[in-house]
Amino acid sequence: MLHPPPHRHLPLAKLRLSENHLGASTGNELVRLVSTSAALTELDVSMNPKLGPAACARLGAALATSVRLRILNLSECGADDTSARDRKS
């Protein structure tokens, strides 16, 4: 009798949450994920306008300190020019 191979849990490398009605409180959890994940290389939270400028700024700052994250899509997330400037400084 053949047995299926055991399930392997692979680290999360890409997370796509586009158009999921994410709000500002979710932004805090995403920042924590970006800050603690050793494997996450891509995060797409586009088309979630209720995330808002504060969450976008915090995610941008988390990107700057992340070792692995290379792609962060914040398009149509309610980011304004102020949060974009904050990410650059």
Worksheet entry | Check: T26 main-chain N/O paired with N28 side-chain donor or acceptor under 3.5 Å | no
Worksheet entry | Heavy-atom side-chain contact between V45 and L51 under 4.5 Å | yes
Fill in: Side-chain heavy-atom pair D44, L17 within 4.5 angstrom cut-off
no
Worksheet item: Quick one: do I71 and L22 end up in the same hydrophobic cluster if we chain Ile, Leu, Val, Met, Phe, Trp and Tyr together by side-chain heavy atoms under 4.5 Å apart?
Response: no
Worksheet entry | Test item: L59 and L30 side chains (from C-beta on) under 4.5 Å apart, heavy atoms | yes
Fill in: Atom pair CD/NZ of E42 and K14 - distance to nearest 0.5 Å
5.0 Å
Discussion item. According to side chain to side chain donor-acceptor pair (under 3.5 Å), does anything in residues 31-41 pair up with another residue at least two apart or in another chain? List the pairs.
Written reply: E29-R32
Discussion item. Going by salt bridge (charged side-chain N to carboxylate O under 4.0 Å, His left out), name the pairs with one or both residues in residues 60-78, residues two or more places apart or in two chains.
Written reply: none
Worksheet item: If only atom types and distance count, is the side chain of N48 paired as donor or acceptor with the main-chain N or O of N20 below 3.5 Å?
Response: yes
Worksheet item: Do the side-chain N and O atoms of R16 and N73 include a donor-acceptor pair separated by under 3.5 angstrom?
Response: no
Practice prompt. Could you state whether M47 and L74 fall into the same hydrophobic cluster, counting links through intermediate Ile, Leu, Val, Met, Phe, Trp or Tyr residues with side-chain heavy atoms under 4.5 angstrom apart?
Written response: no
Worksheet item: Where do G27 and A55 come nearest, in terms of heavy atoms and distance?
Response: CA-CB, 4.0 Å
Worksheet item: Does the side chain of V34 come within less than 4.5 Å of T65's, by heavy atoms?
Response: no
